[in-house]
S.K.: 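So that we are looking at the same thing, I have put the structure below in structure tokens.
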Amino acid sequence: MTRETYENPVRNETYENPVLNADWSDPDVVRVGDDFYLTASSFGRAPGLPLLHSRDLVNWTLVGHALERLEPADEFSGPRHDCGVWAPSLRHHDDRFWIFWGDPDRGIFQVNAPRIRGPWSRPHLVKEGKGLIDPCPLWDDETGEVYLVHAWAKSRSGVKNRLTGHRMHPDGTSLLDEGKLIVDGDRIPGWFTLEGPKLYRHDGWFWILAPAGGVETGWQGAFRARDFFGPYEQRIVLEQKDTDVNGPHQGGWVRTPSGEDWFLHFQQRGAYGRVVHLQPMRWGADGWPVLGDDGAPVTVHRRPDLPPQPSAAPATDDDFPGGRFGRQWSWTANPQDGWATQHSGDGLRLSCVRTADAHDLRRLPNLLTQRLPGTPSAVEVELELRGGEPGARAGLSVLGDAFAWIGLQRGADGTVHLVHRFAEAVAERERDAGHPRPAPRGRARLRVEIGTGARCRFAYDVGDGLRYSGPVFAATPWRWVGALLGLFALAPEGAGDAGAATFTEFRIRPL
């Protein structure tokens with residue numbers, strides 16, 4: 001179903017950042033025994049809350065998702081690219097995994113499971129309210145108390161740059177008070193957009209690791225207090241300095257079995273989204289954490305003191321056995337029955353879903369997507385259009401605030417043409433990016449070459465060799481999400497079955 005990237009274990013003494021070179025936004029990490037687990041924001045895509053596994057903090061594989069569908073389900077029946085699951089926290093307590101996240105329009109949710117692969121509980125609303133984001137719990141073994149800290153989204157609440165603390169019921173289902181402002185960023189000279197708190201206990205202190213200054217230009221802060229409700233003192237512990245790592249932003253602290261400390265955080269990289277870096281961490285003589293190279297992000301560093309592991313990365317390729325797709329794929333909204341059909345052979349069979357929004361891929365819920373690779377790559381897939389309805393179409397897209405796609409469309413006379421279309425960020429509908437040409441067999445090999453700066457060149461082969469189409473397209477992110485690769489099939493509004501399209505041999509290779 002999927003192809004993870006593996007190589008034989010070779011003891012390379014160093015690693016290179018980013019360790020996850022794609023849009024794994026707002027990462028948080030936890031260790032259980034010899035295993036490390038990571039989750040990330042998924043916003044309006046389904047399934048959500050990706051779950052990654054590693055044994056060495058450098059090589060990661062995608063092992064599942066904790067959220068099958070977004071709730072309330074009817075609110076996510078269409079794309080809501082900047083809503084849904086924001087900045088989750090992953091913890092392990094009482095032999096269970098716990099994930100808390102903020103939906104900026106609904107409040108603070110949690111799910112939990114006895115094992116990382118589930119079964120995961122249905123989302124439970126812990127605290128209702130608008131603008132409640134970035135929650136993180138702490139079961140305090142020293143006092144037996146349970147706490148939760150969260151940030152605020154000004155777009156929903158009119159409030160930002162502050163952290164609120166609560167006592168929480170031990171079962172994680174409810175908060176025990178109305179909350180108290182425990183860190184006010186407006187009172188710290190030069191600080192703004194304080195968010196993304198992660199809560200810990202260490203050396204008799206309560207610690208909050210939280211970024212400020214914005215995702216593209218900010219820094220990572222540390223706060224400490226003897227009492228959870230403060231007062232807190234603060235320090236900047238990681239910033240760009242003279243490196244190429246802008247931000248650096250939001251992440252989580254983890255300790256290895258041998259006692260080493262490490263910090264995983266993201267860097268905003270435009271259309272590539274939020275890629276994940278691994279920083280060494282130590283505790284200074286004054287008791288404060290020191291991240292990276294004395295507070296500057298590292299590019300190459302000694303590997304963690306952990307057993308060597310095979311080289312690995314989340315899967316990208318897919319042969320779609322039996323019509324099933326791998327874990328790396330997500331829909332742009334909650335899926336409906338009939339979008340993808342299982343069958344006895346290989347290949348992804350997508351129904352040509354009838355829609356009034358065929359002119360704008362950004363409005364479609366039935367796009368199957370995965371993350372744009374963070375290094376120059378060539379993406380290829382084989383497509384056969386079986387939809388007989390005039391106007392039925394299917395293709396391979398690069399999707400963000402602007403989008404472009406290449407694929408096949410059936411004309412009014414029944415013939416199939418290769419088409420290439422795009423829309424600017426401000427445009428309300430697509431238009432041609434290249435000249436249509438016949439695809440007499442109703443089949444095509446589609447290709448997107450993603451170069452430096454996420455500049456994309458589209459190409460196709462309808463049986464007479466590879467040909468390039470149209471000008472270069474510069475991929476753009478969504479508001480909070482990196483650009484996505486997408487597969488789709490659709491048809492104009494009407495009655496009856498509009499047919500289907502079959503995709504085979506999806507591959508991503510380095511350029």
Side-chain angles (χ1 to χ4, degrees), residues 18 21-23 81 216 244 246 267-275 316-317 332 358-364 367-383 385 393-409 417-439 443-488 490 503 505-511:
N21 201 358
D23 186 28
H81 299 289
E216 294 184 350
D244 294 329
N246 60 295
Q267 173 199 12
Q268 175 69 43
R269 290 192 59 222
Y272 299 111
R274 299 173 175 183
V275 303
T316 56
D317 295 359
T332 49
H359 59 281
D360 192 342
L361 300 186
R362 294 166 296 197
R363 302 182 184 183
L364 299 181
L367 262 74
L368 194 62
T369 67
Q370 64 167 285
R371 294 160 178 83
L372 197 74
T375 56
S377 302
V379 182
E380 288 195 354
V381 68
E382 187 85 19
L383 168 63
L385 179 63
R393 68 199 68 170
L396 168 66
S397 67
V398 177
L399 187 70
D401 285 336
F403 70 85
W405 66 275
I406 194 165
L408 298 174
Q409 177 170 321
H417 287 80
L418 188 292
V419 295
H420 178 196
R421 300 205 173 105
F422 82 105
E424 305 163 79
V426 295
E428 295 184 358
R429 58 188 308 119
E430 66 187 23
R431 57 194 181 97
D432 285 334
H435 296 291
R437 62 161 296 175
R443 299 175 63 93
R445 187 73 181 169
L446 308 176
R447 180 179 173 95
V448 181
E449 296 178 358
I450 307 166
T452 303
R455 294 175 63 81
C456 302
R457 193 176 186 193
F458 288 77
Y460 63 91
D461 182 354
V462 291
D464 53 0
L466 188 70
R467 298 173 183 265
Y468 289 96
S469 177
V472 169
F473 170 78
T476 62
W478 299 101
R479 186 175 183 186
W480 310 122
V481 182
L484 299 167
L485 297 170
L487 304 177
F488 69 92
L490 54 88
F503 296 87
E505 298 181 8
F506 184 91
R507 299 287 184 268
I508 299 181
R509 294 291 181 265
L511 274 178

S.K.: Can you name the residues that form a side-chain hydrogen bond (donor to acceptor under 3.5 Å, both in side chains) with Arg443, not counting sequence neighbours?
M.R.: Glu384
S.K.: Examine Arg457 relative to Tyr468 and say whether NZ or CZ is less than 6.0 Å from the centre of the six-membered ring and inside a 45° cone about the ring axis.
M.R.: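 Cation-pi check for Arg457 and Tyr468: passes.
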S.K.: Within the side chain of Ser469, is there an N or O that forms a donor-acceptor pair under 3.5 Å with the backbone of Ala459?
M.R.: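 Checking the backbone N and O of Ala459 against the side chain of Ser469, no donor-acceptor pair under 3.5 Å is found.
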S.K.: Does Asp360 reach the main-chain N or O of Glu430 with its side chain, forming a donor-acceptor pair under 3.5 Å?
M.R.: no
S.K.: Which heavy atom of Asp317 sits nearest a heavy atom of Arg509, and at what distance?
M.R.: OD2-NH1, 2.6 Å
S.K.: Looking at CG of Leu383 and CZ of Phe506, how far apart are the two atoms once the value is rounded to the nearest 0.5 Å?
M.R.: 12.5 Å
S.K.: State plainly whether the residues Arg455 and Glu449 are in salt-bridge range, i.e. N to O under 4.0 Å.
M.R.: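 Not counted as a salt bridge, because no side-chain N and carboxylate O are separated by less than 4.0 Å.
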S.K.: Hey, mind stepping through Arg507 and Glu380 against salt bridge (Lys or Arg N to Asp or Glu O under 4.0 Å) and telling me if it holds?
M.R.: CA-CA 5 Å; Arg507 299 287 184 268; Glu380 288 195 354; over 6 Å; no
S.K.: How about Gln267 and Asn246: does a side-chain donor come under 3.5 Å of a side-chain acceptor?
M.R.: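 A donor-acceptor contact under 3.5 Å links the two side chains.
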S.K.: Between Asp23 and Val481, is the side chain to side chain contact (heavy atoms under 4.5 Å, CB included) condition met? List the steps.
M.R.: CA-CA 7 Å; Asp23 186 28; Val481 182; 3.7 Å; yes
S.K.: Show me the side-chain donor-acceptor pairs of residues 422-429 shorter than 3.5 Å, one per line, residues at least two apart or across chains.
M.R.:
none

S.K.: Locate the shortest heavy-atom distance separating Thr332 from Leu399; write the atom from each residue and the value.
M.R.: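 Smallest interatomic distance, heavy atoms only, reads CG2-CD2, 4.5 Å.
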S.K.: Ring centres of Trp405 and Phe488 under 6.0 Å apart?
M.R.: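 For Trp405 and Phe488, the ring centres are under 6.0 Å apart.
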